[in-house]
Each structure stands twice: as structure tokens, then as C-alpha cells.
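Written below as C-alpha cells is the structure these notes are about.
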Amino acid sequence: MNLITNLKQSTSKCIHTLYGVNIPADQVLVNATKPEIEGDYTIVLFAFVKQLGKSPDALGNELGAAMMADMPGILNQFNIVKGFLNFTISNDYWFDFINSTDPNQLVPATENKQKIMVEYSSPNTNKPLHLGHLRNNFLGWSIAEILKLQGHEVFKTCIVNDRGIHICKSMIAWQKFANGATPADTHQKGDHFVGDYYVKYNDAYKAEVADLVAGGMLLETAEKEAPILKSAQAMLLLWEQGDAATIDLWKRMNAWVYEGFEVTYNKIGSDFLKTYYESNTYLLGKELVEEGLTKKVFFQKEDSSVWIDLTVDGLDEKIVRRKDGTSVYMTQDIGLAQLKQKEFNTDASIYVVGDEQNYHFKVLKLICQKLQLPAADGIYHLSYGMVELPTGKMKSREGTVVDADDLLEEMINISKEKTEALGKVSDFTPAQLEELYNTIGLGALKFFLLRVDPKKKMIFNPEESIDFHGFTGPFIQYTHARIKSILRKTGTTITLTANELLPLEKQLAIELSIFPAIINEAADNLDPSKIAIYAFNLAKLFNTFYTEHSIANADSETKKQLRIKIGILTAATLQKTMGCLGIAVPEQM
RNA sequence: GGUUCGGUAGCUCAGCUGGAUAGAGCGUCAUCCUUCUAAGAUGAGGGCCAUUGGUUCGAAUCCAAUCCGAAUCACCA
């Protein structure tokens with residue numbers, strides 16, 4: 001039970017005893033007291049003044065006294081300033097908090113344990129991962145970690161979009177231009193290798209269209225008649241018919257891509273309990289469409305295409321099966337929703353997908369509900385905003401995409417340069433150094449992408465992202481390393497004795513005490529940025545404390561012991577928070 | 001045009017279930033390393049919280065309208 005909840009309940013209880021009026025605890029507003037005013041926590045009285053017919057001062061005095069009696073040993077004194085009831089929490093309470101908190105048990109497990117699936121990453125197999133994928137991967141991984149920390153059972157999954165016309169385009173281009181070359185021949189990462197052929201396809205396509213137009217064809221017609229497009233379409237048909245040679249090539253090229261993805265996933269720490277492939281799941285959706293037809297959830301048009309009418313829900317009609325019987329995106333997702341729920345018996349399923357698909361997921365959930373699939377109500381779309389560059393949107397056609405592998409390499413190089421320039425790790429082995437550069441470079445990048453509200457689109461400014469000062473991952477990593485450095489000197493075996501806390505010591509205790517609440521907030525909102533902000537505030541506060549007070553050379557042994565424990569708890573909390581973001585914290589840097 | 005989301009310091013963002021004088025970081029300027037790691041700390045400067053109206057003891061926060069920006073409304077995934 002945390003202190004704020006306690007205060008709310010006590011307020012509600014005391015008002016009831018004093019005046020016989022029921023005010024639910026969750027309607028009580030408890031804030032941290034403004035720094036200039038005496039006190040730790042503040043209850044806003046205005047909300048009750050009218051209802052109780054009391055003046056703020058009179059109410060404050062009566063309520064304050066009653067609550068002091070209700071929470072003995074915790075509340076020390078109170079004052080009233082302009083309708084705000086400020087309580088000072090007793091020194092004993094905070095000392096006891098520091099004394100009794102176990103650094104290995106910072107977050108109590110939830111009582112409402114659930115099985116939750118987090119689907120994220122979801123790449124296409126025709127091009128390498130880019131900056132947008134990184135935001136997706138970091139978000140998905142982090143959300144899973146936060147839910148785990150709460151005590152839920154979490155399954156991380158990935159759906160690979162491995163079939164369709166776009167895949168055929170790379171395949172055609174490879175056939176035409178590669179001359180049998182492989183990633184091994186060209187010493188290229190497989191996903192980049194295949195991605196290059198996707199680009200080559202587009203170049204060839206554009207050239208062909210231009211030729212046709214030059215020959216007198218209308219642009220519109222030319223765009224449909226370009227021979228290379230025709231070949232790709234023919235190939236898709238062959239693929240769907242199961243043509244051996246086509247399937248063979250498809251498998252071969254996809255394998256190259258997966259090899260490349262694997263390298264990147266390993267580097268960024270993305271992992272999946274299970275990977276689903278669209279080529280395996282799209283048939284399932286079709287069965288559900290049949291079922292929906294019998295249940296009359298769907299209807300068929302004259303051309304035999306199948307639709308759902310969502311106009312009563314304020315949406316449009318949506319196609320779920322083409323006239324030729326092939327499946328669309330929605331068909332596959334219906335099937336996948338059903339499959340995932342069945343296989344893992346999930347209570348909820350979180351889809352980490354960009355906000356351009358808000359409409360799709362709204363419709364998906366509606367359809368699943370109308371089909372009465374067990375998965376339906378648990379569908380939750382974690383919609384995140386696009387990553388844009390200061391120059392505008394990333395567009396693959398204009399070559400303004402930030403490639404994930406390039407960016408990772410750059411960040412790691414920068415962290416290497418900066419670390420070397422500071423020269424604090426001369427005792428590291430080459431292997432340790434490499435690990436440290438990775439930790440810092442990746443930490444900077446992950447923190448940068450996770451520190452803003454996922455729902456909002458974000459601007460990726462390369463100069464800002466490589467900053468290692470201020471509101472950044474390395475700042476927090478550094479604070480952690482600093483604490484660890486002190487603890488190496490002082491040791492961590494301690495015996496605490498009661499102790500009058502200085503203001504900064506108390507502030508740290510307060511900040512540390514809200515960690516579980518922050519985790520809950522981040523989990524409820526599926527928002528890791530709450531954790532990033534918290535970690536930053538905690539680190540900043542510790543740094544202020546660090547410059548003001550010495551741990552190793554504290555005035556007394558009691559103080560020293562107390563501060564060591566504060567150091568232990570701060571380091572542990574920083575490590576946990578950063579762990580939730582997928583960021584490691586070094587012992588030394 | 002419909003729907004959804006956004007507009008807060010020069011830049012990037014917090015704050016939004018209404019509460020005290022709107023906060024950080026970066027950048028700018030100025031201080032602090034014979035003292036536990038200066039990837040740090042301290043201070044200064046920087047704001048009609050898009051606009052207008054409403055609700056009330058109180059509005060960046062809620063409501064309405066307007067302006068600006070984005071996404072989406074595909075037999076692409």
C-alpha cells in the first residue's frame with residue numbers, strides 16, 4: 001500500500017466520521033507539496049468545501065487533526081495555506097522506508113495476473129529494418145518488460161509479412177539482374193541484399209514506364225502495362241498456385257532476409273517467443289469468413305466478393321475477401337487473432353503497430369466482436385506515431401530512410417569516441433570495451449526513442465540523438481556507474497540505525513517510494529516514456545545529492561550507513577527502470 | 001468532405017481524471033574539478049500554453065467554434 005493511497009483513504013474516512021459525508025478515496029486529490037511550502041504531501045480542499053459547507057481553513061483544521069490521529073507515526077504535522085492542506089510525513093516513516101526496502105523486490109506483484117501477448121516488430125521481407133521499426137521494436141519490447149515486472153505472464157510475438165506482390169518484386173529483380181549472386185558472394189547482410197533488389201525493381205519499373213510514355217502511351221496505362229510489373233503479378237499467381245521453382249526462390253530469398261534480421265534483432269535485443277508468418281496464417285482467416293457468412297455477419301456482393309457492413313457503427317463497408325477468393329489484410333488478421341488466442345489462451349493481445357493503421361484495428365476489433373471470437377475484447381492497438389526527420393518524412397523512394405543497421409553502428413561509434421576521449425576505463429579488456437560501447441550507444445538510441453509519448457509522432461534529430469548529456473540514456477547510465485563506483489569503495493554490508501534525514505535524503509526517499517506507482521502508470525497507459533522521465537528525475541536528484549553530500553566521507557558512521565543504503569536503492573531502481581526500457585546500466589563508464 | 005490525433009520557451013518534449021508562481025533537456029551566458037567518476041552540479045536568460053468564446057472559487061488542462069498540421073476513409077500489407 002503506498003502512501004498516497006493511504007492519504008486518500010484516510011481523507012475519505014475522516015470526512016465521513018467528521019461530517020457523515022461520503023467522498024470516495026479516488027476523488028481525493030493528493031499532490032506533492034510545492035518546494036517553497038512546508039510539507040511533503042498536499043490535499044486540495046476546494047473540492048469538498050462547497051459540499052461540506054465549511055470554510056477551507058475550518059475544514060483544514062478539523063480534517064488535519066483527524067488525519068493526524070488516523071495515521072499516527074506517519075503524519076507529523078500539518079498546515080493550511082489558501083485551501084491546501086499540507087502534511088509533513090514523519091522522519092520515522094521515511095527512515096523505515098529506506099531501511100526496510102529490499103533492492104531486489106522493488107515492485108510488488110499485481111493481484112490481477114493476466115496472460116498478455118505483445119505483438120511487435122512485424123517486418124516485411126523485402127527491405128531491411130529502418131528507424132520506424134526501431135521505435136516499434138523498442139516500444140514492444142519495453143511494454144512486454146513493464147507488464148512482466150508487474151507480474152503478468154507475457155508472450156512476445158512477431159508477425160512476418162512474408163508474402164504478396166511486394167515480395168515478388170524483389171524476386172523478379174533478382175532473377176533479372178543478380179546473375180545468381182548471393183549475399184555471401186557480395187559480403188552483404190541478407191536483408192540489405194534483398195532490399196537492394198527491391199530498389200532495383202522500382203528503378204527498372206520507372207524506366208519502363210518512362211519508355212512507354214515516350215512511345216506515346218498514357219502514363220496511367222503505362223503504369224499498369226510495364227512489363228516488369230506484369231512479371232511480378234505473374235509470379236504472385238505462380239506463388240499462389242504453389243509453383244515449385246517460385247516457392248523455392250521465395251524461400252531462398254526470405255531465408256537471406258531472416259538471416260539479416262536475426263543479426264539486427266540480436267544487436268538490439270529483440271526476441272520473440274513465437275514468430276507467425278502470414279504465409280501460414282492467411283488461410284485461417286478464410287475459414288472464419290465462411291463462418292461469418294453462415295452467421296450472416298458478412299454478406300456477399302454480386303461479384304461474389306465478401307463484405308461487412310459497419311455503417312451502423314459509424315464506419316464504412318469493408319471487404320474481407322476478394323471476388324477471386326483470395327484473402328486481404330483484414331482476413332489474415334482475423335485469422336491471426338483467433339489463432340493467437342487459441343494457442344496461448346491470452347486475456348489480452350497488444351498490437352504494436354503505427355498509427356496509420358488506427359482504422360484497421362478499430363475495424364478488426366469490431367469484426368472479431370461481431371464474429372464473437374474469444375479474442376475480440378482483448379484486442380488492444382498500441383498505436384504509435386511516425387518517426388520523422390527534421391527535413392520531413394522518411395521516404396524510401398527519395399532515399400531519406402534512416403537504416404537501422406547504419407544508425408546502430410553510428411551510435412556505437414560515437415559512444416566509443418566519447419568514452420575514449422574521457423579515458424575513464426583504461427582498465428577494461430578489449431571485449432569489455434566493446435560491450436560498453438554497445439551498451440552506451442544502444443542506450444542512447446533506445447532512450448531517445450522511448451522518452452516521448454508513443455502516441456505522438458516524433459522528430460528524430462540526428463544531432464540531438466547523439467547527445468549524451470541531459471535527458472539521455474548515458475546520463476542515467478553514468479549516474480548508475482557513479483553510484484556503483486562509490487559502493488565498490490564503501491562496501492554494501494550495512495547496519496542502519498535511526499537517523500534524522502536531511503532534505504535531500506528525504507527527497508530521494510520520496511522519489512524512490514513512487515517507483516511502483518510509476519510502473520503501474522506506465523503499464524496502464526502502455527507508455528514507457530513515463531518510466532524514462534522518472535529515471536531521469538531520479539538520476540538528476542541523486543546527482544544533486546551527490547554534489548551536496550558525501551557518502552564515503554559522511555559526518556558520522558550512521559549517516560554513512562544510511563547513504564550507502566540510499567545509494568543501493570537508487571542504483572537498483574535505476575537499473576530496473578532502464579531494464580524496462582531495454583537498456584543495460586554499466587558498473588563503470 | 002467524414003473520422004481520429006496533434007498545436008506549450010529558439011529547438012525537442014513533460015504537465016492535460018481542473019488547483020498554489022506552467023516545468024525539463026538541448027542551445028546561449030556565467031560559476032564549480034589538490035574532496036566518493038565534471039557523460040556531473042549551481043545560477044541567469046528565455047512563455048498571450050494556436051485563436052475566440054463558455055463552464056467556475058479557480059482553466060495549459062473541461063466544453064464549443066475557428067485557424068494550422070498529420071494520419072486515415074484501398075479488392076496494398
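In this structure, A:Leu288 CG and A:Phe298 CZ are separated by 8.0 Å, a value rounded to the nearest 0.5 Å. The distance from atom CD of A:Gln575 to atom NE2 of A:His480, rounded to the nearest 0.5 Å, is 5.5 Å.
Rounded to whole Å, the C1' atom of B:rC48 lies 24 Å from the corresponding atom of B:rA44. Between B:rA60 and B:rU51, the two P atoms lie 11 Å apart (nearest whole Å). Taking the P atom of each, B:rA64 and B:rA20 are spaced 25 Å apart, rounded to whole Å. The same atom, P, is picked in B:rU17 and in B:rC36; the two are 45 Å apart, to the nearest Å. Taking atom C1' on both nucleotides, B:rG15 is separated from B:rU61 by 9 Å, rounded to a whole Å. B:rU4 and B:rA22 have their C1' atoms separated by 28 Å, given to the nearest Å. Separating the P atom of B:rG19 from that of B:rU42 is a span of 27 Å, rounded to the nearest Å. Atom P of B:rG54 sits at a distance of 12 Å from the matching atom of B:rA59, rounded to the whole Å.
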Identify all side-chain donor-acceptor contacts of residues 165-172 of chain A below 3.5 Å with residues at least two apart in sequence or on another chain.
{"from": "A:His166", "atom 1": "NE2", "to": "A:Asn161", "atom 2": "OD1", "distance (Å)": "2.9"}

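A:Ile440 comes within contact range of at least one nucleobase, with a heavy-atom separation under 4.0 Å. Base contact: A:Thr419 has a heavy atom under 4.0 Å from a base atom. Contacts of A:Phe475 with the nucleic acid, taken as non-hydrogen atoms under 4.0 Å apart, involve only primed sugar atoms and P, OP1 or OP2.
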Note to self: Protein within reach of the bases, or only the backbone? For nucleotides 71-77 of chain B, mark each nucleotide 5' to 3' as B, S or -, using heavy atoms under 4.0 Å.
What the structure shows: SSS-BSB
Check: For every nucleotide of nucleotides 31-38 of chain B, 5' to 3': is a protein heavy atom under 4.0 Å from its base (B), only from its sugar-phosphate (S), or from neither (-)?
Finding: -----BBS
Next item on the list: Produce a footprint string for nucleotides 12-25 of chain B: one letter per nucleotide, 5' end first; B if the base is under 4.0 Å from any protein heavy atom, S if only the sugar-phosphate is, - if neither.
Entry: SSSSB--BB---SS
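Here B:rC33 is in the syn range [glycosidic angle within 90° of 0].
Of the options A:Ser142, A:Ser122, A:Ser121, a side-chain hydrogen bond (donor to acceptor under 3.5 Å, both in side chains) to A:Asn137 is made by A:Ser121 and by none of the others.
Of the N and O atoms on the side chains of A:Asp427 and A:Gln588, at least one donor lies less than 3.5 Å from an acceptor on the other residue. No side-chain N or O of A:Asp555 forms a donor-acceptor pair with one of A:His549 less than 3.5 Å apart.
In this model, the phosphate group of B:rC57 is approached by a side-chain N or O of A:Lys50 to a distance below 4.0 Å at OP1 or OP2.
For the pair A:Phe361 CZ and B:rU4 C1', the computed distance is 16 Å after rounding to whole Å.
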Checklist line | Check against side chain to side chain contact (heavy atoms under 4.5 Å, CB included), A:Tyr351 and A:Phe361 | finding: CA-CA 9 Å; A:Tyr351 295 74; A:Phe361 280 97; 3.4 Å; yes
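The cationic atom of A:Lys318 (NZ for Lys, CZ for Arg) does not lie both less than 6.0 Å from the six-membered ring centre of A:Trp307 and within 45° of the ring axis.
With ring centers used as reference points, A:Phe468 lies 6.0 Å or more from A:Tyr478.
With respect to the salt-bridge test (charged N to carboxylate O, under 4.0 angstrom), the residues A:Lys206 and A:Glu223 do not qualify. At a threshold of 4.0 Å, the pair A:Asp324-A:Arg322 does not count as salt-bridged, since none of the basic side-chain nitrogens sits closer than that to a carboxylate oxygen. Classification of A:Lys565 and A:Glu505 as a salt-bridged pair fails, no side-chain N sitting under 4.0 Å from a carboxylate O.
Screening residues 525-548 of chain A for salt bridge (Lys or Arg N to Asp or Glu O under 4.0 Å) gives A:Asp527-A:Lys530 as the qualifying pairs, with residues at least two apart or on separate chains.
Where pairing requires Watson-Crick or G-U contacts shorter than 3.5 Å, the helical stems of RNA chain B with at least three consecutive pairs are B:1-7 with B:67-73, B:10-13 with B:23-26, B:28-32 with B:40-44, B:50-54 with B:62-66.
For A:Lys416, the NZ atom is loosely surrounded, since the number of other residues' heavy atoms within 6.0 Å does not exceed 12.
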